Amino acid sequence: DAKVGVTCTSSITPQVIVKNNGTTPLTTFTVTPYTDGVAGITTPWSGNLAVGASTTLVLNTTTTSVTSGVHTFSFTVLMNSPYNFFNVSNKVNYLVATNSQTTPVSEDFALATFPPTNWTRVNSNNGPTWSRVVNVGAFGNTNDLGAVKFDFYTNPVAGDVDELYLPPIDLSGSATPVLAFDIAKAQRLSENDQLDVLVSDDCGANWTNVYSKAGQTLATSAAVTSLFLAPNAQDWITETIQLTGFASPNVLVKFRATNDNGNNLY
């Protein structure tokens, strides 16, 4: 499942749940937080954590030096058992969605940087996902090569969900904002690859699904068992979505692909 925490400020107040999976009670340990690999203020704990019990620590607020984009929060827990010291760790990515741009988001994926500046890709299992390709142009335009592809073709994990966030955007100056994108998609046989577009105006606390297509409904071209390359103008259509009710100053938009190991989406 694709999950990423979202904050619309540059600071977070992490919480860490520590569970005693050992055979004796824990009486002391220390948690060290890291933001993008930089250590923060440690939090010591002492008490008596019984076998199988958990406790939640609220750590010090951490502030990232970079505003928009994906950041990594990680931590280590150093614990003293009756015999040895143990050091365990974990990490999670989160999205800082600040500095909403007032100009329209327009992207043709012509530049090599991917994701593009201020875009965010979420690929929880590090498998086949969203990527930039340079052998495809929308509507068969060979003079304007560049597209984003979701790799349904080589992704074997049914139900794998990956997301692609647009930059945060200020839509408060538009009476009825519009999202338009060119798309090409074929099935391999009869799979139900799915694409959803979700929008939030409350920093990702709630999302509204404004576009959802799967299987044959998502396809714009005939099924093909070989790798779909979308070479022809007739492989493409333009989708236009009215974002009614989202004329807000800080709007998040994300594309969500749900895999069924069909054929590629551009």
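The model shown is predicted, which means the values in this text are computed figures rather than measured ones. Quick note: numbers below take in every heavy atom, side chains included, and nothing from hydrogens, waters or symmetry partners.
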Decide yes or no on side chain to side chain contact (heavy atoms under 4.5 Å, CB included) for Lys213 and Glu239, but give the supporting numbers first.
-> CA-CA 11 Å; Lys213 290 187 177 182; Glu239 298 279 30; 2.8 Å; yes

Does Tyr153 offer a backbone N or O that forms a donor-acceptor pair with the side chain of Asn261 under 3.5 Å?
->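 Such a contact is found between Asn261 side chain and Tyr153 backbone.
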
Report the residue from Asn259, Asn155, Thr258 that forms a side chain to side chain donor-acceptor pair (under 3.5 Å) with Asp160.
->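 Only one option passes, and that is Asn155.
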
CD1 of Ile41: more than 12 outside heavy atoms within 6.0 angstrom?
->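 Open: at most 12 neighbouring heavy atoms sit under 6.0 Å from CD1 of Ile41.
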
Any donor-acceptor N/O pair, Arg188 side chain to Asn264 backbone, under 3.5 Å =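 Judged by distance alone, no pair lies under 3.5 Å.
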
Say you draw a straight line from CH2 of Trp207 to CG of Asp202; how long is it, rounded to the nearest 0.5 Å?
->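 Trp207 CH2 to Asp202 CG: 9.0 Å, rounded to 0.5 Å.
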
Spacing of Thr120 atom OG1 and Glu163 atom CD [to the nearest 0.5 Å] |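 With rounding to 0.5 Å, OG1 (Thr120) is 10.5 Å from CD (Glu163).
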
Look at the aromatic rings of Phe181 and Tyr211 and report parallel, tilted or perpendicular, splitting at 30° and 60°.
->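 Judged by the thresholds at 30° and 60°, the geometry between Phe181 and Tyr211 is perpendicular.
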
Side-chain heavy atoms of Phe228 within contact of Tyr266, under 4.5 Å |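 Touching, per the 4.5 Å side-chain cut-off.
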
Atom pair CG/OG1 of Leu171 and Thr176 - distance to nearest 0.5 Å |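 Rounded to the nearest 0.5 Å, the CG-OG1 separation comes out at 11.0 Å.
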
Is there a salt bridge (charged side-chain N to carboxylate O under 4.0 Å, His left out) between Asp193 and Lys185 once you walk through the steps?
-> CA-CA 10 Å; Asp193 299 330; Lys185 175 73 172 78; 3.0 Å; yes

Is it true that a side-chain atom of Asn263 and a backbone atom of Val224 form a donor plus acceptor pair closer than 3.5 Å?
->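 At least one qualifying donor-acceptor pair exists.
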
Using atom types as modelled and distance alone, determine if a side-chain donor or acceptor of Ser200 lies under 3.5 Å from a backbone N or O of Asn206.
->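 Checked: pair present.
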
Give the ring-plane orientation class for Trp119 versus Phe109, where under 30° counts as parallel, over 60° as perpendicular and anything between as tilted.
->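 Perpendicular, since the angle between the ring planes exceeds 60°.
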
Quick one: side-chain hydrogen bond (donor to acceptor under 3.5 Å, both in side chains) partners of Asp235, sequence neighbours excluded?
->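 side-chain hydrogen bond (donor to acceptor under 3.5 Å, both in side chains) check on Asp235 returns Ser221.
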
Ser212/Asp196 under side chain to side chain donor-acceptor pair (under 3.5 Å): CA gap, chis, key distance, verdict | CA-CA 4 Å; Ser212 183; Asp196 296 276; 2.5 Å; yes

Can Thr129 and Asp162 be said to form a side chain to side chain donor-acceptor pair (under 3.5 Å), step by step?
-> CA-CA 7 Å; Thr129 186; Asp162 288 12; 2.6 Å; yes

